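As structure tokens, the structure follows; a few thoughts come after it.
Residue numbers start from 1 in every chain, and the chains themselves are labelled A, B, ... in the order their sequence lines are given, proteins ahead of strands. Note that this is a predicted model, so its numbers are computed, not measured.
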There are 2 protein chains.
Amino acid sequence: MKHVTLDDVAKEAGVSRATVSRVVNDYPHVSDHVRQQVQNCIDKLGYNPHLIARSLASKKTGNIGLVFPNSIHNFFTDPYYPRLTEGIAHACNENDYTLSLFIFHTEELEKKLIPRLTRGGLVDGIIVQATGIDDNILFKIKNGEVPFLVAGRPLNLPEANYIDVDNVSGAYNAVAHLIRVGRKKIGMISGPRNTSAGLDRLKGYRQALRERNYPIEDGLIVEGDFTELSGYHAANQLLKNQEVDAIFSASDTMAAGALRAVKDHSLSVPEDIALVGFDDLPPSRTAVPSLTTIRQPIRRFGVKAVDVLIDIIDNGSPPPRQVILGTELVIRESCGSI
Amino acid sequence: MKHVTLDDVAKEAGVSRATVSRVVNDYPHVSDHVRQQVQNCIDKLGYNPHLIARSLASKKTGNIGLVFPNSIHNFFTDPYYPRLTEGIAHACNENDYTLSLFIFHTEELEKKLIPRLTRGGLVDGIIVQATGIDDNILFKIKNGEVPFLVAGRPLNLPEANYIDVDNVSGAYNAVAHLIRVGRKKIGMISGPRNTSAGLDRLKGYRQALRERNYPIEDGLIVEGDFTELSGYHAANQLLKNQEVDAIFSASDTMAAGALRAVKDHSLSVPEDIALVGFDDLPPSRTAVPSLTTIRQPIRRFGVKAVDVLIDIIDNGSPPPRQVILGTELVIRESCGSI
DNA sequence: CACAAAACTGAAAGCGCTTCCAATACCCCA
DNA sequence: TGGGGTATTGGAAGCGCTTTCAGTTTTGTG
């Protein structure tokens, strides 16, 4: 079965290629009569435009690249990334874009793929997941010809286009809630301090304590890396060395680890330890006890990211687009007050 | 900054486009001297081939599409899919293919995207996640012009190319192990019976019981849908109505739910109930107690899938490629014997 | 040293589409 | 009815690359 081309349709309808193209793309300057007739031929022949050819001629690929840098090694461990990916994929498809996924597992792959991605005419725009401050992937992408948007505030490229949630106020609200329900000594399992999410959530924690005149003690803050295991270890450390009656974890995944640690210490949540997470991933709702947490609109995040990127693609960048989405405190059982 | 084209390089090097093309693609019939000289110009000008143009001329897109049908609604809930996606993405990149991700969230999206996918010259091949027997997406894809491979045995299109793990023998080994450690009444939380994974694992369970002359009772089999919650409910049902001393769950995620149910019944794993899962997802290793399970080589699955698909792309299909990968019993604490 | 064969190189024809520009058809109002 | 304007259509030039084919040079062999 031969591929039906624009030419075939034109011949069949007895018009020129240009006219068929106009009909296919829903452009003006075609009489209703001709348009109808061409449309009939399109349906009859089962014509589908050849997207590659279209790309070449129009200089638009209709592709968006989603990049997870080499330093994101827990792509599938943390439900956050898949969920984000899903949201972005959905939004792309809704907007007639195709999503190309690039997971850079190794340094070499990164080296090989970046030039292709940023120069090959492969994609119209790139969404790249923010990483640690020491990762210079953004600089490499910046040197390319393709507009890009960072998912998460990029610490080392503050002038970039990015989209993020309000981590500071989210964390602030989490801690403020713990204070509100009467907790006196609130520990924190923070994220990595070389990431903006880690830093900003820590900032919100400090801000809430300071405002209520709670002492801010270094010993109350233990750094994790957003994995369950790191949450477990961090909570253990907190429980061994400090008399905390509440823990704010910078992610739900780490909170799950913390919960496990609390149980290992024969303590219970929320009676002995109130626990608040961050993310509101699905497992948190069904956990026992269910987890109070800060909801990120991950799905909406993806949709918005695509919206903004498409806007940049269509209209150019400056001024830098920097979008911050709000969060929401979701109160469940783990903090002892409904 | 203007995009550097083949022509620019040709002009700079004082040769024809054809020659530059040969150098770029590492084709023979170019003298070492000219090749070196052209390569210098390429480096000097920072030339990168325009992939879209190449596609149009060579009739190969260098793209592989990964499709998650509408009926897969737990793409991000179940760590399995992200992990598979990651493996496939990696393998694609290793083989100089780009992965395009299609998550069909809605019927309409599916209707819109499939023609584009199967006719638009958008991808060279498709990997599509197997779904229930009542989903007719495979028939739609089959009608296209693009070769495809199903991830999982497709119940309703047995002649398709597919890759799967040996679910029957995996389940068999799981149950055989439970019998070996002395369990007498083994319940099963099965997967959906309209999927091959659900069916095959159930088959393995039955086979193991039958071989050891254990009775096969319908009441011992409760159907889940691979989610944690369904595992929880199924286990509750099993514990309420039956005096089981072991449960084989058709997935780790459901096993996690089952573990929760067991604890709710004030029973303990493995003392009262031995538990075996299927998948060997990362959380199972750190769970308490750690979960005995059947390891699927998800990563290798993805790599192999891409290998096979590329082979089909390059060499055509018949005979149908049907690849089955082995599984491995991973013994941990949850079945009471190390 | 001659000649066939092999190796190398360039010209040119597309791949299927968009889009600019010129050409034609149509309309309105004086 | 004629002239200016507008709406519609077709012609043709690319987009940047691959690939075939023919022409040219080099090599190998008797």
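For dG16(C), one of the phosphate oxygens OP1 or OP2 lies less than 4.0 angstrom from a side-chain nitrogen or oxygen of Lys59(B). At the phosphate of dG16(C), neither OP1 nor OP2 sits under 4.0 Å from any side-chain N or O atom of Arg54(A). Between Tyr27(A) and the phosphate of dT18(C), there is no side-chain N or O to OP1/OP2 separation shorter than 4.0 Å. Close to dT18(D), at under 4.0 Å from its OP1 or OP2, lies a side-chain N or O of Ser21(B). Considering only side-chain N and O atoms, Thr5(A) lies nowhere under 4.0 angstrom from the phosphate OP1 or OP2 of dG16(C). Between Ser58(B) and dC17(D) there is no side-chain polar atom (N or O) within less than 4.0 angstrom of OP1 or OP2.
Heavy atoms of other residues, nucleotides or ligands lying less than 6.0 angstrom from NZ of Lys304(B) number 12 at most.
Side chain of Leu56(A), nearest nucleotide from dT9(C), dT9(D), dC15(D): dC15(D). Proximity note for Arg17(B) (side chain, C-beta onward) versus dA12(D), dG16(D), dA13(C): the nearest is dA13(C).
Judged purely by distance below 3.5 Å, without hydrogens or angles, the side chains of Gln36(B) and Asp32(B) never pair a donor atom with an acceptor atom.
Under the 30°/60° scheme for interplanar angles, the aromatic rings of His90(B) and His105(A) are found to lie parallel.
Going from atom OG of Ser58(B) over to atom CD1 of Ile52(A) covers 9.0 Å, rounded to the nearest 0.5 Å.
If you check every strand for non-hydrogen atoms under 4.0 Å, Ser31(B) touches sugar and phosphate atoms only.
Protein atom CG of Leu6(A) is 14 Å distant from nucleotide atom C1' of dA12(D), rounded to whole Å.
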